[in-house]
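Structure first, then comments.
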Amino acid sequence: MRNGGVIRGVIFDMGGTLVGFRHASDWRSFEGRGIAALYHFLVGRGYALQESEFHEAMWDATSRGWQEAMAGRGNVRLPDVIVATTTRLGAVLDDETRMQAVRVYTTGVGEDAFPLDGAHEMLRDLKGRGLRLGLLSNTMWPGQIHSEGMARLGLIEFFDVLMFSGDVGLWKPNAAAFHYVADRLGVSPAEAVFVGDQLEADVLGAQHAGLRAVWITTGKFELGDIRPDAIIHRLAELPAALDQIGRL
């Protein structure tokens, strides 16, 4: 745990930190809901696709692209994944179908989204303290769709800056992603705290970028040798954790 200092900005991860998704026990099942919705949409449009082949091809393109992006070797965007996969399988989508395909995929997943307990109250508390609030989410979805979802959940109004990795090609745990949001919040990395549920991408990534990091536990990950600046078990605990970090 590092020495404390003034905190002027707090940056949040989204999925697993502020927003939960029902019926998503792991990453593959999460994406699988979108892939299944997309498959049925395309078949309904008359495209001849074999279901298991389509699912495997979409998952392979998604997982490979995601890992390359997190390693800082590229970017992955859902529209590109859909076009590349369908083209490889011999289905050439027209412009209207391409646009609708993205919406179908994201609706298949996003309809299960809900704000985690205490999110609104905690964010309102932090805004009342005069803190600048940012969001940094690793995602291949278009940011506009996420922003619409945040608005439906009543969360978007609290944020000064929203950054979705696929839109700008900057992904956690790379330092540039954290610095991008901090810069736009008008705070230095040393004045910012990142809050997330992923240990390597969120906690270590933020700390290596010069931010302090709060880990919110979900029961999915073990701490190991990683040392967050604070650990919370629910969002209502964050204001007190920030007070503690600022005093140390």
Side-chain angles (χ1 to χ4, degrees), residues 2 4-20 69-70 72 75 113 115-116 118-216 228-230 232 234-243 245-246:
R2 294 167 293 168
V6 63
I7 298 172
R8 297 182 53 229
V10 182
I11 305 171
F12 292 86
D13 170 52
M14 185 177 64
T17 300
L18 291 173
V19 176
M70 289 183 64
N75 192 25
L116 293 178
H120 298 94
E121 295 81 2
M122 176 274 298
L123 292 169
R124 190 172 296 112
D125 183 325
L126 299 191
K127 289 299 287 185
R129 298 178 179 210
L131 292 169
R132 300 277 289 168
L133 302 185
L135 184 86
L136 168 55
S137 176
N138 275 0
T139 176
M140 65 179 183
W141 295 14
Q144 178 182 346
I145 291 176
H146 278 305
S147 294
E148 292 168 1
M150 294 279 287
R152 285 195 301 273
L153 299 178
L155 297 172
I156 199 169
E157 65 194 74
F158 298 105
F159 288 92
D160 301 290
V161 174
L162 300 173
M163 198 279 260
F164 302 103
S165 56
D167 284 355
V168 296
L170 297 174
W171 290 66
K172 300 176 291 181
N174 300 292
F178 297 95
H179 293 166
Y180 181 98
V181 180
D183 288 347
R184 280 152 183 78
L185 286 176
V187 304
S188 70
E191 295 171 323
V193 173
F194 190 83
V195 184
D197 65 310
Q198 300 276 341
L199 285 162
E200 293 190 5
D202 294 337
V203 175
L204 277 184
Q207 290 177 334
H208 288 164
L211 292 75
R212 284 162 285 179
V214 175
W215 181 45
I216 181 166
D229 294 277
I232 62 175
R234 53 194 182 94
L235 290 171
E237 299 171 3
L238 181 60
L242 295 177
D243 290 339
I245 290 174

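Computed from a predicted model, the values in this text were never measured in an experiment.
The side-chain contact (heavy atoms from CB on, under 4.5 Å) search around Glu237 returns Ile232, His233, Arg234, not counting sequence neighbours. For Trp171, the ring-ring contact (aromatic ring centres under 6.0 Å, His included) criterion is met by Trp66, not counting sequence neighbours. Applying the ring-ring contact (aromatic ring centres under 6.0 Å, His included) criterion to Phe164, with sequence neighbours excluded, gives His146. Listed by chain and residue number, Phe178 satisfy the ring-ring contact (aromatic ring centres under 6.0 Å, His included) test with Phe194 (two or more places apart in sequence, or in another chain). Under the rule for a side-chain contact (heavy atoms from CB on, under 4.5 Å), the partners of Asp160 that lie at least two apart in sequence or sit in another chain are Lys127, Arg132, Leu133, Leu185. With sequence neighbours left out, Ser165 forms a side chain to side chain donor-acceptor pair (under 3.5 Å) with no residue at all.
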For Met122 and Leu126: C-alpha separation, side-chain torsions, deciding distance, then whether side chain to side chain contact (heavy atoms under 4.5 Å, CB included) applies. CA-CA 6 Å; Met122 176 274 298; Leu126 299 191; 3.7 Å; yes

Start with the C-alpha gap between Ile245 and Val214, add the side-chain angles, then the distance that decides, and say whether side chain to side chain contact (heavy atoms under 4.5 Å, CB included) holds. CA-CA 9 Å; Ile245 290 174; Val214 175; 3.6 Å; yes

Working note: Arg129 + Asp243, criterion side chain to side chain contact (heavy atoms under 4.5 Å, CB included); need CA distance, chi angles, decisive distance, verdict. CA-CA 11 Å; Arg129 298 178 179 210; Asp243 290 339; 2.8 Å; yes

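Between His120 and Pro115 the shortest side-chain heavy-atom distance falls below 4.5 Å. At least one side-chain heavy atom of Phe12 sits less than 4.5 Å from a side-chain heavy atom of Leu238. Taking 4.5 Å as the limit, some side-chain heavy atom of Met163 sits within range of a side-chain heavy atom of Leu170. Using a 4.5 Å heavy-atom cutoff, the side chains of Met150 and Leu135 are in contact. Annotation: side chain of Gln207 is in contact with side chain of Leu204 (closest heavy-atom distance under 4.5 Å). Leu116 has its side chain out of reach of Thr17: every pair of non-hydrogen atoms, C-beta onward, lies at least 4.5 Å apart.
Residue Leu18 holds its CG atom at 10.5 Å from CZ of Phe158, rounded to the nearest 0.5 Å. Between atom CD of residue Glu121 and atom CG of residue Leu123 there is a gap of 9.0 Å, rounded to the nearest 0.5 Å. To the nearest 0.5 angstrom, Leu199 atom CG is 5.0 Å from Trp215 atom CH2.
The backbone N or O of Val195 sits nowhere less than 3.5 Å from a side-chain atom of Asp13 that would complete a donor-acceptor pair. A donor-acceptor contact shorter than 3.5 Å links the side chain of Asp229 to the backbone of Ala213. The backbone N or O of Pro189 lies less than 3.5 Å from no partner atom in the side chain of His179, so there is not a single donor-acceptor pair.
Surrounding CD of Glu200 are at most 12 heavy atoms belonging to other residues, nucleotides or ligands under 6.0 Å away.
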